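Each chain gets a letter, A, B and so on, in the order its sequence line appears, and its residues count up from 1. Values reported hereafter were calculated over all heavy atoms of this structure, with side chains retained and with hydrogens, waters and symmetry mates removed. In this text the structure is predicted, and so the values were computed from the model without any measurement.
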Amino acid sequence: MSSLDFSPRAYVESTIIMTTVRVVSPFVFTFGLFVMFHGAESAGGGFQGGAIVASSIIMLAFAFGIEPTREWLDDDFVRVVIGGGASTFALIGLGALAFGGPFLNYSAYGISHGVKYGIELVELGIGAIVAGVIVSLFMNLAAGFSDEETDGDEA
Amino acid sequence: MTDVQLTLFALLLAFVIFAALAAAFLRDILSAIIAFAGFSFGIALVYVLLRAPDVALTEAAVGAGVTTVLFLLTIVRTVRPGGDRLFERIKWGPAAVATALVGVLLTTVRSLPRIGDPNSAVATSEVTRYYLENAYPQTDVENVVTAVLAAYRGFDTLGEAAVVLAAGIAVLVVLRKEVYV
């Protein structure tokens with residue numbers, strides 16, 4: 001166990017892990033975006049891509065500590081990402097209604113290849129929800145523990 | 001499947017079963033979590049061999065990656081059980097229930113179609129034919145799985161997204177990060 005002041009968690013700075021993560025995480029992040037954007041043409045989609053993007057951020061938090069990562073990636077920003085993803089999906093569905101088609105019927109927009117763009121946008125929305133929820137699950141689970149510790153309300 | 005693929009498949013299945021047993025029986029929770037991650041990774045490779053890359057990606061990212069990390073975060077707060085025993089003592093009651101469940105499930109295996117069977121219900125079904133023929137002309141999307149998920153079954157997917165969102169909000173509420181009242 002390390003003796004870092006903010007928590008009793010087993011965070012130990014490791015040069016090997018930090019260097020590896022520094023090299024690998026941009027590629028993981030890009031691959032996640034690729035899976036998200038390219039889900040229409042190859043294997044993958046919003047859910048998978050979102051999980052991969054989130055895991056690249058979790059990787060950073062594991063290597064460099066959770067508190068520095070939280071300072072870098074604001075909780076409010078993560079919440080905006082989640083809400084933005086959900087409202088993108090819902091608004092695309094409702095927009096089709098506004099154009100006189102059934103709910104979520106992308107062809108109602110009347111753009112050429114409209115269905116494809118609709119699907120891509122929906123995939124991005126799903127990716128944003130999944131990535132955001134996984135990151136906030138991770139951050140809040142970690143923070144939940146440290147807060148309990150400082151409150152000293154252990155039964 | 002070719003002979004090489006069959007051998008690989010058999011090895012993978014053996015690894016998956018070994019990892020699952022290790023996850024169940026290892027006494028140290030950290031070891032069990034690592035064995036569980038190995039199990040997820042093996043299952044992901046099995047999905048790849050079964051030509052289900054979409055499912056494999058999900059299993060690898062969520063099963064082997066994210067859940068492992070969440071488990072690790074959680075056990076930081078637990079205490080390592082004393083004693084030097086490597087394996088959990090087997091409790092015969094639960095073991096009997098688990099064995100009975102596996103036995104019941106095994107009876108259904110005979111009615112599953114063989115891998116790659118051209119006469120299986122999935123391959124010959126009218127629905128499969130419809131999607132394969134119409135997905136590209138109707139949606140301009142080459143991955144039929146994506147076409148079904150986001151276009152034909154878009155409403156279901158919206159429901160799934162709502163479930164993920166609700167799960168995220170539930171965790172925030174349980175950990176009291178937000179005051180909603």
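Annotation: the span from B/Y152 atom OH to A/I119 atom CD1 amounts to 8.5 Å, rounded to 0.5 Å. Here NZ of A/K116 is found 9.0 Å from OG1 of B/T139. Values are rounded to the nearest 0.5 Å. A/E41 CD to B/N143 CG: the interatomic distance, rounded to the nearest 0.5 Å, is 8.5 Å. In this structure, CD1 in A/I129 is found 11.0 Å from CD in B/E160, a value given to the nearest 0.5 Å. Between A/L137 atom CG and B/L70 atom CG the span is 6.0 Å, to the nearest 0.5 Å. For the atom pair A/H38 NE2 and B/E142 CD, the distance stands at 8.0 Å (nearest 0.5 Å).
Using a 4.5 Å cut-off between heavy atoms, A/S136 makes no contact with chain B at all. Neither the backbone nor the side chain of B/V145 comes within contact range of chain A; no heavy atoms are under 4.5 Å apart. Both the backbone and the side chain of A/F138 come within less than 4.5 Å of a heavy atom of chain B.
Using a 4.5 Å heavy-atom threshold, the side chains of B/L57 and A/I52 count as touching. Using a 4.5 Å heavy-atom threshold, the side chains of B/V141 and A/V115 count as separate. Here the side chains of A/F47 and B/V62 are in contact, with some heavy-atom distance below 4.5 Å. You'll find the side chain of A/I66 reaches within 4.5 Å of the side chain of B/L73, heavy atoms only.
Interface remark: of the candidates A/S55, A/G44, A/G32, A/G44 forms the most heavy-atom pairs closer than 4.5 Å to chain B. Most heavy-atom pairs under 4.5 Å with chain B, from the set A/N105, A/I134, A/V122: that is A/I134.
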